[in-house]
Asks: 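Could you have a look at this structure, given as structure tokens, before my questions?
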Amino acid sequence: MTSRTPPAETPSSGGISIRSVCHEYRPARGRPVLALDNIDLEINDREFVAILGPSGCGKSTLLYLLGGFMPLQQGGISVGGRDITGPGPDRGIVFQNFALFPWKTVRQNILYGLEKQRLPKDERERTTRHFIDMVHLTGFEDSYPSQLSGGMKQRVAIARTLAINPDTLLMDEPFGALDAQTRSLMQEELLAIWNRSPTTVVFVTHDVREAVLLADRVVVMTARPGRVKKIIDTRFEGGMNAEIAKSRPFLDRVDEIWDLVREEAIVAGSAGAG
Amino acid sequence: MTNRYFLTRKLIPGLAAAAAAVTVSLSASAEPVKIRIQWSVAPAHITPLITQAPKGIYKNYGKSYVVEPVRMRGSGPALQGIAAGEIDLGGMSIQALVRGVKRAKLDLKVIAQVMSGGVDGYGSSEFYARDGEITKLEDLKGKIIAVNALGSSIDAAVQAQFGRLGWKVGRDYQVVEVRFSAMLPALQSKRVDLAPLLTPFNLIAKKKGGVKYMFNMRDALGATETLQWIGRADWIQKNRAALVDFMADHIRFRTWLYDPKSREEVLATLSKVTKRPAKNYASWVFTKTDNYREPNALVNVARMQKNVDDLVRLGVLKESIAVKNYIDLSIAQEAAARVNK
Amino acid sequence: MRLVHTLWRFTPLLLLAVVWEAVSRLGLVSEFALPPFSDVVTAFSRLADEGLWEHTAQSLYRGATGFACAVIVGVLAGVLMAWYRPVHILVNPLLRCLYPMPKSALIPLTIMWIGLGDNSKITLIFIGCLLPVVLSAFNAARGVDQVLIWSARSMGAREREVLWEVVVPAAMPEILSGIRISLALAFILLVSGELIIANNGIGYLIDILGEGGDYAGMFAGVVTISTIGFFADQGYVALTRRILAWRE
Amino acid sequence: MARTLGNDTPGTAGHSARRAFETFGPYLTISLLLIAWELASRLELVIAFLLPPLSVVIVRIATDFASGQLPMDIAITLYRTLVAFALAAIVGVSIGILISRNATVRWFFDPLISIGLPMPKIALLPVFMLWFGLFDLSKILMVAFSASFQIIIATWAATQSIEKELIWSAQSLGASRREILREVILPAAMPQILTGLQIALPICLIVVLITEMIMGGQGLGDSMLRSARYVDSPGVFAGIVEIGIVGFCVIRAMEVIRRRLLVWHQETREETTV
């Protein structure tokens, strides 16, 4: 394991390689549903990749497979050159619905992952304090999740994941539940964190602007069964900043991707209606 | 962390200690023979009074034997207790003896009388109907009769009495189980039409009115050996000496129960055991109004054989036995000889 | 103010007592079956001097022991059944057969193996209280949000750690409500267990009083144990609220 | 859900063994117990009176079945159980919902339920007997009374735990109070209510059997009582087995009903217990 003292540079972990992955849901009764169909995707080390697609296209499924939560049915996934066998602290995940432990306070939630890393006590405390400060939750250390607003919970969830300093960060629509203002602040915050210590990030979202803003590349997926429709480079000269986000090329890129997503959303909508 | 703290530091050790307490088994037997005697209703069973007797009556208590009264309802569990070696003597009816021998295939011996019903000059369980509606036995056709337990002596008496009219249970009348204390209210609230009222309920009923006396156990079955102490033959043989000591003391106890000089003390003891005021018992218990208790606890073999034959004839019992093979009077006799010499 | 509040809370019980007294005094039901409440109070004060508390203590010891074992074993069994399928497959049929069995029907078996002492009654209470705990622990553990488990695992928690640090706490609210049912059952079972075979205990007392026709005394026993059960339940609810402070 | 954590990969060598275990496992425990029973009495480890051989008990059950006595007893016991259960369910769920919606009702019932729940209600049997007679009515009412407390508490807890937003959203869609009750509160509370009912049903069966054992009047409990009275231990043990089987079936039926009613709930993908 690498040093956990933030904000340390993470050594290279190697990228993620997804090869011919298919996934089928088999309900107890009823027909099986193909969620992912032959996904091939290479993600470079310390690359920020966003996955876009209509709801139900299997984005989350792909993320769960990357997390190792569900058994791989077909194909292969390797992270840093090694095939994944299950969940592990090398891949931190932020869930859409926060997934905080409701019986633990903010501090205890963040501490939990550090305890699992068997870190010395004072280091755990220090790291926790650092991350609470970083997500601006000082003063709420001893609050339970039920006492926090949605944005605060989300920040706890992100802090909790970042605290264990994973090589790879998997994020499942992490800002989906936030108001526009908090959302924009969190996006900035995430970019800042990432710039300070870049890790490989797989970021699932349905917000095109967010994807273009944050990611190096955007993967657009088709409606169910999910396939890779197109991969678009969204790196801009000089990195991302508020200026570029208002520039013509940025907005054009957003529009371009919007059209792709819209096509699929219509397919998904008509399939749903039929 | 309050919840975690509570769980790990307080709750779990507490529960573990409690769990450990269960596993601690009862300590092994001491020197004297422990005689565990089953009983169900006091003062019909005098067993629970034994441990409350004044000093000096049970002279050998704690030396050669100790007594542990065990309350078990019904002869079924009592026989199981005897079979499993969990109790040593059961205070049981003749029906239980016959079924224990024939059905449970236990080698049983009767060693002492506890109570006899319908004996000349003594009380007997009485059956009452509601006054006004039922005047003679024939009026009970198609009615509901309450008994304390199916297959009991009371049940047998009902079958005997109606058998004389050629009636059969189920066809001409129905029998239901009602506990003794609920008999009178069940009768008053018209839930049953005929019910046995043991003392003191018959006395209460007479005072309040509204019920009519129909017949008693003596009319139905004659004199009966109602309850006796029954145990396993091998156990009795093995602990014979201790049992003789116990019986000798017990004969002294019976004298004390019936002695007018100790009346107050007896009533107080009974009141303590049953948690009922002594005045409830003063007028009848351990007198001629009460059932008969043989002073030397001797069983009347002929009477018992007649009971068995009657019950077989009535169909209450399916099998018969020669009771003399299942009675061991020698213990009570030896004890009586020692006390009365 | 607090006192007034408490009194107001318990007013329905007072109303119940008044209705009880009236029903009995007006002869709507035989006083043998339901003696007036005032007689029950009198009988209670009499019994309090005659060993009511010793009998109650004896019963509570049995009840507490059986209940405590049921909680420990029940939570363990329920969670393990939800977690390890083989445990579920092997244990479940047994529970299904045992659950709807009147525990008193098992007396022939307990006489044989456990005898007649305290342990037989404790065992019956244990079995009776066990099943609601198992059921609630199983259902609760099964219903734990998968995402919580995943997030613990992604932070490096091992399987056993996930079980005790995530599944059990997450299932705690439902487990605690299952335990509440068992707590109430324990009071019922400690009485009914003693009705058939016992030398002491509140159930024994209730039974011999009833057998002797002292219905007022019998009801005094029933009311005593119900009242203790009431306070145990209230205490338990307060305790639950503390344990689950994180919910609100 | 926990199962997905294991390596439940189909097609592996352990798979068929696992399948066999899934199918036959449930019978394994019971079969072993039954074999142990037969052996214990055949080898005379216990005397036949205390534990008659299983084969004797089975013959006894078959004889009772053929004579029509057993089907009759089962029918009577089930009839009483189900009628009492239906009564308890209707009364219990109604009171439970009233309690959660009306402060006066709550004030009135709260202490009564708290004191009634741990009360040994069987002690009131003489009162029921004197009011409602010795036959079906008194038994059914006794049973319904005993079981309704659990249902009230379960319903109350269930309706309390419904998220406010759910009700508010229905309100904003213009649902009336009654519609909210029928279309939001009841369905949302249904899993917990059903758990309460699942607990109450065996209680009903148990109390029916106990009242039959105390008061007689046909049914399985009465036949066990008679066997006990006449020292007929095959009869007693036949009773235990019969109650076990009937209880098993009743509980199974309840599970099936639960699944039918809760197709929308995540738990239906799994098997339920007891």
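Per chain, numbering begins at 1; letters A, B, ... match sequence-line order.
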Asks: Can you tell me which portion of C/Arg62 sits under 4.5 Å from chain B's heavy atoms? Options are side chain, backbone, both or neither.
Replies: neither
Asks: To the closest 0.5 Å, what do you measure between CG (C/Leu205) and NZ (B/Lys275)?
Replies: 6.0 Å
Asks: Show which side-chain atoms of residues 201-209 of chain B pair as donor or acceptor with protein atoms under 3.5 Å away, not counting sequence neighbours.
Replies:
from	atom 1	to	atom 2	distance (Å)
B/Asn202	ND2	B/Glu126	OE1	2.9

Asks: With only heavy atoms counted, which part of B/Ser189 is less than 4.5 Å from chain C, the side chain, the backbone, both or neither?
Replies: neither
Asks: Side chain from CB out, backbone as N, CA, C, O: work out which of these in B/Leu198 comes under 4.5 Å of a heavy atom of chain C, or both, or neither.
Replies: neither
Asks: Let me know if B/Gln80 has heavy atoms under 4.5 Å from chain C in its side chain, its backbone, both or neither.
Replies: both
Asks: Atom CE in B/Met72, atom CD1 in C/Ile107: separation rounded to 0.5 Å?
Replies: 8.0 Å
Asks: Against chain C, work out which of B/Glu86, B/Arg179, B/Lys272, B/Arg71 has the most heavy-atom pairs shorter than 4.5 Å and name it.
Replies: B/Arg71
Asks: Side chain, backbone, both or neither: which part of B/Gln38 has an atom under 4.5 Å from a heavy atom of chain C?
Replies: neither
Asks: Among C/Ala198, C/Gly217, C/Gly51, which residue forms the greatest number of heavy-atom pairs with chain B at distances under 4.5 Å?
Replies: C/Ala198
Asks: Most heavy-atom pairs under 4.5 angstrom with chain B, which of C/Leu52, C/Ile208, C/Leu209, C/Asp207?
Replies: C/Asp207
Asks: Heavy-atom cut-off 4.5 Å, strictly under: side chain, backbone, both or neither for C/Phe67 against chain B?
Replies: neither
Asks: How far apart are the C-alpha atoms of B/Arg36 and C/Asn199, what are their side-chain angles, what is the distance that settles it, and do they pass the side-chain contact (heavy atoms from CB on, under 4.5 Å) test?
Replies: CA-CA 11 Å; B/Arg36 293 161 300 182; C/Asn199 286 328; over 6 Å; no
Asks: Are there over 12 heavy-atom neighbours, none belonging to B/Glu264, within less than 6.0 Å of that residue's CD?
Replies: no
